Number of protein chains: 2
Amino acid sequence: MVFVKPPQSASTREVVYSALREQILQLELPPGTGLSEKEISLQFNVSRTPVRESFVQLAQEGLLEILPQRGTYVSLIDNSLVEEARFMREQLERAVIQLACESFPEEQFIKIKSNLALQKLSVAKQDDKKMFELDEEFHRAIFEGCGKSYTWGVIQHVNVHLNRSRMLRLAADHNWSHIYSQHEQIVAAIEAHDSAEADRLMKNHLNLTVTDQSLLKEKFPTYFKTPSSN
Amino acid sequence: MVFVKPPQSASTREVVYSALREQILQLELPPGTGLSEKEISLQFNVSRTPVRESFVQLAQEGLLEILPQRGTYVSLIDNSLVEEARFMREQLERAVIQLACESFPEEQFIKIKSNLALQKLSVAKQDDKKMFELDEEFHRAIFEGCGKSYTWGVIQHVNVHLNRSRMLRLAADHNWSHIYSQHEQIVAAIEAHDSAEADRLMKNHLNLTVTDQSLLKEKFPTYFKTPSSN
DNA sequence: ACTACCATACTACCATACAAGTATGGTAGT
DNA sequence: ACTACCATACTTGTATGGTAGTATGGTAGT
């Protein structure tokens, strides 16, 4: 049995899935929004079948709630899940940064430095959306350099809720220049092979990004799952 | 917007999905096995639609490979994924065991001790399958006691490949009595609030379970993905 | 014997039709 | 005015037919 590479011509399902996923993560489809197979199928000018299949996928990721015979809704942000996601990310990032301090391929390091330069620009231009992307790319590059790409993928997969929360915070005027300076210090620690310092920095860095959950909940009450409701 | 509890009457898709998933994880459907929508739909006496949807779900978990217009196959075990899964699990288990040493609810602790007693029995009776289940339950209980149930769920979700690998090792006559004695020591460390010892034990414990990947690959060559392919 | 070709029998993919459960608004009865 | 009921218009769930791409085995030509 040999698996040759799939054609990779995007199927209809894949197109719909990606588009919806993007819209949900970008909060263009806010938490709680009601969708319907028919509505989306008309919007994309396809049949209900591929739409439905993408719904199933998104539901499995926790981005949609499918209520049989009633409707489908963009899932609310569950703060307890957000906290566990943050926990997982912290542990894994700290472990990986240790590996990075031991050894890190030169090529990837250049990539990171280049990314850092772009961050500086984006901070100056106050281009929040771009900064958000660069931030993602920064962390991803560290994982990649340590041969832990799949691990980063899992974090991404897990952190869909956390990411929406972060996106809200972005809208709530986040302090990117502080983030940037932390990134700078992390890179310096890797270069100096200073494991202890890198661990300290990364721990701080990731803790910061979760400070004011309750504050967000006040600003956007309808986006969050209430602890009581299940 | 209020989400009341879904009916939870298992849909056809859910039934098919669960059944197939179980068969794959139990290696009743070995890696590389070819499936087909029609075949499975006849087997379950349902239409192709719910079968197809469950295929999409399983593919998203990495348990199936869907090759458009060609066929669907139970995915081969990818050793690099297994290694990263092991890495993630090690980091998260070690982090959680630290929390457990700080404080652990009495009720959960009793649960673990009871589980441990059952393990002793299963080892004596050489009931490998039961021991496999108890092992899972043991680790899950630790996460649950630390309020990290979702984290454990993610590990489970990630470790589907690792689990199949472990299942093979079980078939390959695994040393459960050694595992049991390690579990015993871990529980003792938690009880004594000995973080350092717990960390050391857990690190050893999880490393053990991954020793002989290459050995497995020799025993079951067709079950594994060759590094070259794709 | 070997190779190029092609009919055939698969495959997954998508569109459509129907079924079954649910929310909603109007209406008749009180 | 209020309530119980019911027709209707939704929703997701399932079944089925047709389409396009792919593997395979046989055959004609070399």
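For the numbers below, each heavy atom of this structure counts, side chains included, while hydrogens, waters and symmetry mates do not. Please read all numbers here as calculations on a predicted model, not as lab measurements.
- Put simply, B:Thr72 has no side-chain N or O that comes within less than 4.0 Å of OP1 or OP2 on C:dT11.
- Using a 4.0 Å cut-off, some side-chain N or O of B:Arg70 falls inside it from OP1 or OP2 of D:dA23.
- A donor-acceptor contact closer than 3.5 angstrom links the side chains of A:Ser75 and A:Arg164.
- Within residues 38-55 of chain B, the residues that place at least one heavy atom under 4.0 Å from DNA chain C are, in residue-number order, B:Arg48, B:Arg52.
- Here the C1' atom of nucleotide D:dT12 and the CG atom of A:Leu64 are 13 Å apart, to the nearest Å.
- Counted by atom type alone, B:Gln57 and A:Gln57 present zero donor-acceptor pairs between their side chains at under 3.5 Å.
- Going from atom OH of B:Tyr17 over to atom C1' of D:dG13 covers 19 Å, rounded to whole Å.
- Side chain of A:Gln91 to main chain of B:Leu92: no donor-acceptor pair is present (N/O by atom type, distance under 3.5 Å, no hydrogens or angles).
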Would you mind writing out the side-chain donor-acceptor pairs for residues 153-160 of chain A within the sub-3.5 Å range, not counting sequence neighbours?
from     : atom 1 : to       : atom 2 : distance (Å)
A:Gln156 : NE2    : A:Glu136 : OE1    : 3.0

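- The CD atom of B:Glu37 sits 17 Å away from the P atom of D:dG21 (whole-angstrom rounding).
- No side-chain donor-acceptor contact under 3.5 Å links B:Tyr150 and A:Glu83.
- Side-chain N or O atoms of A:Ser122 include one that pairs as donor or acceptor with a backbone N or O of A:Leu118 at under 3.5 Å.
- Taking atom CD1 on B:Ile66 and atom C1' on D:dG21, their separation rounds to 16 Å, with Å as the unit.
- Applying the 3.5 Å distance criterion, the base of D:dT11 shares no donor-acceptor pair with the side chain of A:Gln69.
- In this structure, B:His183 and B:Phe138 have parallel ring planes: the angle between them is below the 30° cut-off, well short of the 60° mark.
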For DNA chain C, produce a single dot-bracket line, 5' to 3'. Pairs: Watson-Crick or G-U wobble, both distances under 3.5 Å. Symbols: ( ) within strand, [ ] crossing, | other strand, . unpaired. ||||||||||||||||||||||||||||||

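- As a whole-Å value, the separation of A:Glu14 CD from C:dA12 C1' is 14 Å.
- Closest non-hydrogen pair, B:Pro30 versus B:Tyr223, comes out as CB-OH, 3.4 Å.
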